[in-house]
Structure formats: structure tokens, C-alpha cells
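Step one of this worksheet: look at the structure below.
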Amino acid sequence: MEDHSIPCAVVAYEGSVVIRGPGAMSGAFTPDAAETSAHLILEAAAKARAWLASRL
């Protein structure tokens, strides 16, 4: 799995939240699934940042 330093593009298209890139990553979510995913991503980002900080 490759880590990307560029954020994905996110748009609302009709009743879906569409995520594209970077790379081949893409998907469409319902608003509820997108909101839950956003919270989970923020939690995981905080844990990953703490891990990186502990390695300094």
C-alpha cells in the first residue's frame, strides 16, 4: 500500500459524496457513510500522527 501526501478531491454530486484520487482511489458514498468515514479518518489520522511523533 502506498502512502499519499496529496489529499483526495471530494465533491457532492446529486445525492452522493464522490471521492477521487490520488492514484486509483475513488468511490461514492451516501451522505451518512461519508460523514461516518470522515470521523473515522480523523481518528485514524490522530493515531498515526501520535505514532510518528513518538518515533522522534
Side-chain angles (χ1 to χ4, degrees):
M1 183 171 16
E2 180 182 350
D3 284 351
H4 297 281
S5 60
I6 300 168
C8 55
V10 181
V11 297
Y13 179 74
E14 296 179 355
S16 297
V17 177
V18 179
I19 298 174
R20 293 179 56 196
M25 181 175 59
S26 66
F29 299 86
T30 64
D32 288 340
E35 186 174 27
T36 300
S37 296
H39 290 291
L40 293 170
I41 289 169
L42 287 171
E43 289 175 14
K47 288 178 183 177
R49 186 171 286 115
W51 184 86
L52 289 172
S54 74
R55 306 223 354 125
L56 295 177

Table please: side-chain donor-acceptor pairs of residues 36-53 below 3.5 Å, with sequence neighbours left out.
from  : atom 1 : to    : atom 2 : distance (Å)
Thr36 : OG1    : Asp32 : O      : 3.2
Ser37 : OG     : Ala33 : O      : 2.8

Query raised in the report: Who pairs with Pro22 by side chain to side chain contact (heavy atoms under 4.5 Å, CB included), at least two apart in sequence or on another chain?
Result: His4, Cys8, Met25
Query raised in the report: Other than Ile19, what residues sit in its cluster of Ile, Leu, Val, Met, Phe, Trp and Tyr side chains whose heavy atoms are under 4.5 Å apart, directly or through others?
Result: Val10, Val17, Phe29
